[in-house]
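Residue numbers begin at 1 in each chain, while the letters A, B, ... track the order of the sequences.
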Amino acid sequence: MRPVPGRRLPRSFYARDARVVAPELLNKVLVHGDRAARIVEVEAYAGADDPASHAYRGLTPRTTVMFGPPGHLYVYFTYGMHWCANAVCGPPGVASAVLLRAGVPLAGLSAMEAARPAARRVTDLCSGPAKLCQALGIDGASNGADLVGAKGPTILDDGMPTPTEPGLSARIGVKTGTELPWRWFVEGDPNVSGLGHRARSPRSAPRMGTEP
DNA sequence: ATAGAGATTGCCT
DNA sequence: GGCAATCTCTATA
């Protein structure tokens, strides 16, 4: 029995453009073993069209999973110490993906706390892409895992709808493609990372780059 | 072959 | 706010 009830997202969910899939992943539930977190922040990476994507320069050993079929997990190692997880999207050969940036801890809290000794509050457990992976125990062993398969990490729909008006902003940490508003988050959730970054709601700020 | 930057985090001042 | 930790990949030689 899974730690939380819900329906596994089908392959067809992931087989669309990452920019369509990303906002729909908000409020879905990432599950690994007995641990689960509700996804509240994501970013889309669009492969060949996107200079910020790892896949922009083509196929490498590291990005192989991104070029494969949708519905698999692309887990990469960065800064010499951190793992980050993406849901591979689009048809095979199109290297697009959605980076899972933050979550609300739902199940397996004690295991998350054990995995993240630096966390001092519950909101420190999953409030960042590398924190989320560390809390759920996702590392290189999960790279390429089939999210639609019966075992391993997966993503569930537990009935909570996606936000009708998610927060929207430029992606965090990237040096190129900063004009692209491809980061979505659940407005007001304390687990969302980068609260200090400028963010806007699609309706409240129709123009970009004009804020002081 | 070697150097530098990177889809980050946590500890320091 | 600054910066170290330290693997993968790219650029340059």
Side-chain angles (χ1 to χ4, degrees), chain A residues 14 17-19 21-23 25-26 30 37 39-68 70 72-90 94-103 105 112-145 147 153 155 166-186 190-199:
Chain A
Y14 302 100
D17 191 289
R19 289 159 289 189
V21 175
L25 279 172
L26 293 177
L30 176 64
I39 298 165
V40 293
E41 181 187 359
V42 297
E43 286 175 358
Y45 286 86
D49 302 325
D50 180 3
S53 171
H54 290 162
Y56 184 60
R57 311 268 176 193
L59 180 69
T60 68
R62 180 211 219 179
T63 61
T64 299
V65 174
M66 272 181 115
F67 284 86
H72 289 252
L73 204 60
Y74 164 50
V75 183
Y76 68 89
F77 194 54
T78 192
Y79 292 106
M81 61 173 77
H82 296 304
W83 297 99
C84 297
N86 302 250
V88 175
C89 296
V94 175
S96 66
V98 175
L99 173 66
L100 308 177
R101 285 196 57 93
M112 290 185 185
E113 288 163 3
R116 286 197 36 71
R120 302 185 50 176
R121 321 179 218 169
V122 174
T123 50
D124 292 330
L125 290 174
C126 301
S127 55
K131 296 179 190 176
L132 181 64
C133 282
Q134 190 176 24
L136 272 76
I138 292 172
D139 59 16
S142 294
N143 188 35
L147 294 169
I155 301 178
L168 177 67
S169 81
R171 294 170 293 184
I172 292 178
V174 300
K175 297 290 191 293
T176 55
T178 52
E179 75 283 4
L180 303 170
W182 289 355
R183 168 175 176 256
W184 292 265
F185 56 94
V186 175
N191 294 277
V192 170
S193 69
L195 290 175
H197 292 255
R198 291 262 189 273

*Asks:* Give each stem of DNA chain C as a range with a range, requiring at least 3 consecutive Watson-Crick or G-U wobble pairs whose two distances are under 3.5 Å.
*Replies:*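 Looking at DNA chain C, the stems formed by three or more consecutive pairs are B:1-6 with C:7-12, B:8-12 with C:1-5.
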*Asks:* Can you list the residues that meet the side-chain hydrogen bond (donor to acceptor under 3.5 Å, both in side chains) rule with A:T123, with sequence neighbours excluded?
*Replies:*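 Residues passing side-chain hydrogen bond (donor to acceptor under 3.5 Å, both in side chains) with A:T123: none at all.
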*Asks:* Holding to ring-ring contact (aromatic ring centres under 6.0 Å, His included), I want the full list of residues that pass it with A:Y79, two or more places apart in sequence or in another chain.
*Replies:*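 ring-ring contact (aromatic ring centres under 6.0 Å, His included) list for A:Y79, sorted by chain: empty.
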*Asks:* With sequence neighbours left out, write down each residue that passes side chain to side chain contact (heavy atoms under 4.5 Å, CB included) with A:A55, or none if nothing qualifies.
*Replies:*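 By the side chain to side chain contact (heavy atoms under 4.5 Å, CB included) rule, A:A55 matches A:S53, A:M66, A:F67, A:A95.
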*Asks:* Taking any atom closer than 4.0 angstrom to a non-hydrogen atom of chain A, what span of DNA chain C does the protein reach, first nucleotide to last?
*Replies:*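 First-to-last contact on DNA chain C, by the 4.0 Å heavy-atom rule, is C:dA5 to C:dA11.
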*Asks:* For A:Y76, give me all partners under ring-ring contact (aromatic ring centres under 6.0 Å, His included), at least two apart in sequence or on another chain.
*Replies:*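 A:H54, A:Y74.
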*Asks:* Got a sec, which pairs hit salt bridge (charged side-chain N to carboxylate O under 4.0 Å, His left out) with one end in residues 124-143 of chain A, sequence neighbours left out?
*Replies:*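 For residues 124-143 of chain A: none.
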*Asks:* Test of understanding: with side-chain hydrogen bond (donor to acceptor under 3.5 Å, both in side chains), list the residues that count as partners of A:D49, not counting sequence neighbours.
*Replies:*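 For A:D49, no residue satisfies side-chain hydrogen bond (donor to acceptor under 3.5 Å, both in side chains) once neighbours in sequence are set aside.
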*Asks:* If you measure from CG on A:N191 to CZ on A:F185, what distance do you get to the nearest 0.5 Å?
*Replies:*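 It is 13.5 Å, given to the nearest 0.5 Å.
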*Asks:* Does A:V186 have any side chain to side chain contact (heavy atoms under 4.5 Å, CB included) partners at least two apart in sequence or in another chain, and if so, which?
*Replies:*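 Side chain to side chain contact (heavy atoms under 4.5 Å, CB included) list for A:V186, sorted by chain: A:L26, A:N27, A:V40, A:P163, A:D189.
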*Asks:* Say we look at B:dA5 and C:dC3: how far apart would their P atoms be, to the nearest angstrom?
*Replies:*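 That atom pair is separated by 14 Å.
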*Asks:* Report the residues that fulfil salt bridge (charged side-chain N to carboxylate O under 4.0 Å, His left out) with A:R171, sequence neighbours left out, ordered by chain and then residue number.
*Replies:*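 Salt bridge (charged side-chain N to carboxylate O under 4.0 Å, His left out) check on A:R171 returns A:D50.
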*Asks:* For the C1' atoms, the ones on C:dG1 and on B:dA7, what distance do you get once it is rounded to whole angstrom?
*Replies:*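 C:dG1 and B:dA7 have their C1' atoms separated by 22 Å.
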*Asks:* With sequence neighbours excluded, tell me which residues meet side-chain hydrogen bond (donor to acceptor under 3.5 Å, both in side chains) with A:T63.
*Replies:*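 So A:T63 forms a side-chain hydrogen bond (donor to acceptor under 3.5 Å, both in side chains) with A:T60.
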*Asks:* Return a single string for nucleotides 3-13 of chain B, one symbol per nucleotide in 5' to 3' order, where B is base contact, S is sugar-phosphate-only contact and - is none, cutoff 4.0 angstrom on heavy atoms.
*Replies:* ---BBBSS---
